[in-house]
2 protein chains.
Amino acid sequence: MSNPDPLPDSSNFALGRLRALLEDNPFDKEQRLPSERVLAAQIGIGRRALRRALEVLEAEGRIWRHQGKGTFLGPRPPEAHADLEELSKRTNPLEVMDVRLEIEPALARLAALRASNGDIERLLHLANKTASMSDADGRELWDSALHRAIAEVAGNSLLLAIFDMVDRIRQDATWRLLRERARSGARQQAYVDQHRRVIAAIAQREAHAAEQAMREHLELVRDGLLKVMTSPLPDGKDSEAAISANTEDQCLHGT
Amino acid sequence: MSNPDPLPDSSNFALGRLRALLEDNPFDKEQRLPSERVLAAQIGIGRRALRRALEVLEAEGRIWRHQGKGTFLGPRPPEAHADLEELSKRTNPLEVMDVRLEIEPALARLAALRASNGDIERLLHLANKTASMSDADGRELWDSALHRAIAEVAGNSLLLAIFDMVDRIRQDATWRLLRERARSGARQQAYVDQHRRVIAAIAQREAHAAEQAMREHLELVRDGLLKVMTSPLPDGKDSEAAISANTEDQCLHGT
DNA sequence: CACTGAACCAGTTGCAAATTGGTTCGGCTT
DNA sequence: AAGCCGAACCAATTTGCAACTGGTTCAGTG
């Protein structure tokens, strides 16, 4: 790969012209080349011939192209897969719960170390709000706000960003029915008690207790989720289909 | 705070009307209220008076507003700061290390449970590559590849995405000098040994040992980072300025 | 003094137009 | 027949603009 000109250009006039242009570097700082139509006209060849030359240069790694964006100098930059929707399709509720079980106990521990009295008041307020909701949507909403408030109190902006990322995936519409079934019924009171226990530990600055209480809470949530996913559905098969569709393609790691 | 109506509405006609509207909930499912101009006309008051009432409701947490979007019922949803550059400015190397200490031991544990023989071969190969590098850049590159390979083997696509997110922030140009100093010198051999220990635990499927070995490794890395950040710099003050600039504004949580 | 109405600023959304690379096809030159 | 060109499409992306939104100021009014 140290050879700057690995392919013979004898049969290709356009390649020579292009290589000359690349060395002159008459383009803007952003390393962007003119569009194919303009470039073809400048060189004086057809677009198809130009594209064949560009294919060679791309294979050599000297340029990279993307539909709708343009053609650029240098190696292809890594894909920033901050894309939320794509990630939602590739993961599944069980993975999300595993991640929450890693992240949120740590957040509770940190929160216990840094919470001010005002923070604790706010957490209690949110816990009461969650408990007072009668419909599933309301519970979901305020529960999410409570967990995020704990993440805020923890005081690590990067962990907070990670929590938000997970939370946004968790609220994906695909798993809506699943979540409603998982947190319906008798577990609700247990959740309320566990919330209070977590906040009490934070209020008394007992870091380890807060971490453990949050872990127990999330384990119960996960158990509820598992029960819903494994048991047959009495009515409505949409959520079933959604789950299986998501769990199917869970084993595709990047190269 | 269990009081649903904490403030007296006697001096404010609009507040009463608004609270009544909120309970009727005649709005669309997205919990979105009409625009201020429309709402003011409906109630029959001016926009300024309406806004004062909305301020109260927002302070109570019943609604939230955002310029250009609208006014909504329920608690304020988390900001979607998927912006990588902005996040890089708001966090700092210590936060990143704290997060790595939460994430990567868990990844090592999961990797120990799921690694195939091929995976282990690949990890060993990367560890040898890392150890064989003579320059700091090369070590950095292969070390990063090794840690990511462990994250891949763990088999949780969401955790992998989080790892990538942290890794991209970690490689931010701002902290480049800092990282080079942190991993220079005598620690290098210790890092190599720790890598081998982590991989050995993964190879023998000892999940807890793998988690602990990774934790010890990252704690050593963090200690090196701390030593570099607290000690005065013998030459070059750019990194010093960058660090202090980043650690200054680390304490700004949303309301 | 509190309130109104109007105007303006700033952030957000939605959509159509323009531009880009990717592809196919017919016709032309060699 | 092979190679090339021009034109026309397709699909992804960017750009620009109009129409909202809340945030703010200001003169006028009771």
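Just so we're on the same page: letters track the sequence lines, and every chain starts at 1.
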Notebook entry, point to check: If only side-chain N and O atoms of A/Thr71 are considered, is one of them under 4.0 Å from the OP1 or OP2 phosphate oxygen of C/dG21?
Noted result: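 Yes, such a contact exists.
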Margin query: Can you see if the side chain of A/Ser35 gets near the phosphate of C/dT19 - specifically, an N or O under 4.0 Å from OP1 or OP2?
Written below: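 For A/Ser35, the contact criterion (side-chain N or O under 4.0 Å from OP1 or OP2 of C/dT19) is not met.
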Check: Looking at side-chain heavy atoms only, is the closest gap between B/Leu39 and B/Glu36 below 4.5 Å?
Finding: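 Contact flag for B/Leu39/B/Glu36 side chains = no.
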Next item on the list: Answer whether the closest heavy-atom distance between the side chains of A/Asp98 and A/Arg222 falls below 4.5 Å.
Entry: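 The answer is yes; the side chains approach within 4.5 Å.
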Quick check for you: among [options], whose closest atom lies nearest to any side-chain atom of [X]?
X       : options               : result
B/Arg48 : D/dG23, C/dG21, C/dT4 : C/dT4
A/Ala49 : C/dC3, D/dA11, D/dC5  : D/dC5
B/Arg52 : C/dG21, C/dC8, C/dC3  : C/dC3

What about [X], does its side chain sit under 3.5 Å from the base of [N] through a donor-acceptor pair?
X       : N      : value
B/Gln67 : C/dG11 : no
A/Arg47 : C/dG22 : yes
A/Arg37 : D/dG6  : no

For [X] and [N], what is the distance between atoms [atom1] and [atom2] respectively, to the nearest whole Å?
X       : N      : atom1 : atom2 : answer
B/His66 : D/dG22 : NE2   : P     : 11 Å
B/Arg51 : D/dG23 : CZ    : C1'   : 5 Å
B/Lys69 : D/dT21 : NZ    : P     : 15 Å
A/Arg65 : C/dT20 : CZ    : P     : 15 Å
B/Leu39 : D/dC20 : CG    : P     : 17 Å
A/Glu55 : C/dG22 : CD    : P     : 8 Å
B/Glu36 : C/dG11 : CD    : P     : 16 Å
B/Leu50 : C/dT4  : CG    : C1'   : 13 Å

Margin query: If you apply the rule side-chain contact (heavy atoms from CB on, under 4.5 Å), what do you find for B/His147 with B/Phe163, and how did you get there?
Written below: CA-CA 9 Å; B/His147 281 261; B/Phe163 174 88; 3.8 Å; yes
Next item on the list: Under 4.0 Å between any heavy atoms, over every strand shown, what does A/Gly46 touch: base, sugar-phosphate, or nothing? Just pick one.
Entry: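 Sugar-phosphate contact only - A/Gly46 comes under 4.0 Å of backbone atoms but never of a base.
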Check: How far does CG of A/Leu123 sit from CD of A/Glu152, to the nearest 0.5 angstrom?
Finding: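 Here the interatomic distance stands at 9.5 Å.
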Notebook entry, point to check: Charged N to carboxylate O below 4.0 Å: is that the case for A/Asp167 and A/Arg100?
Noted result: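 No salt bridge links A/Asp167 with A/Arg100.
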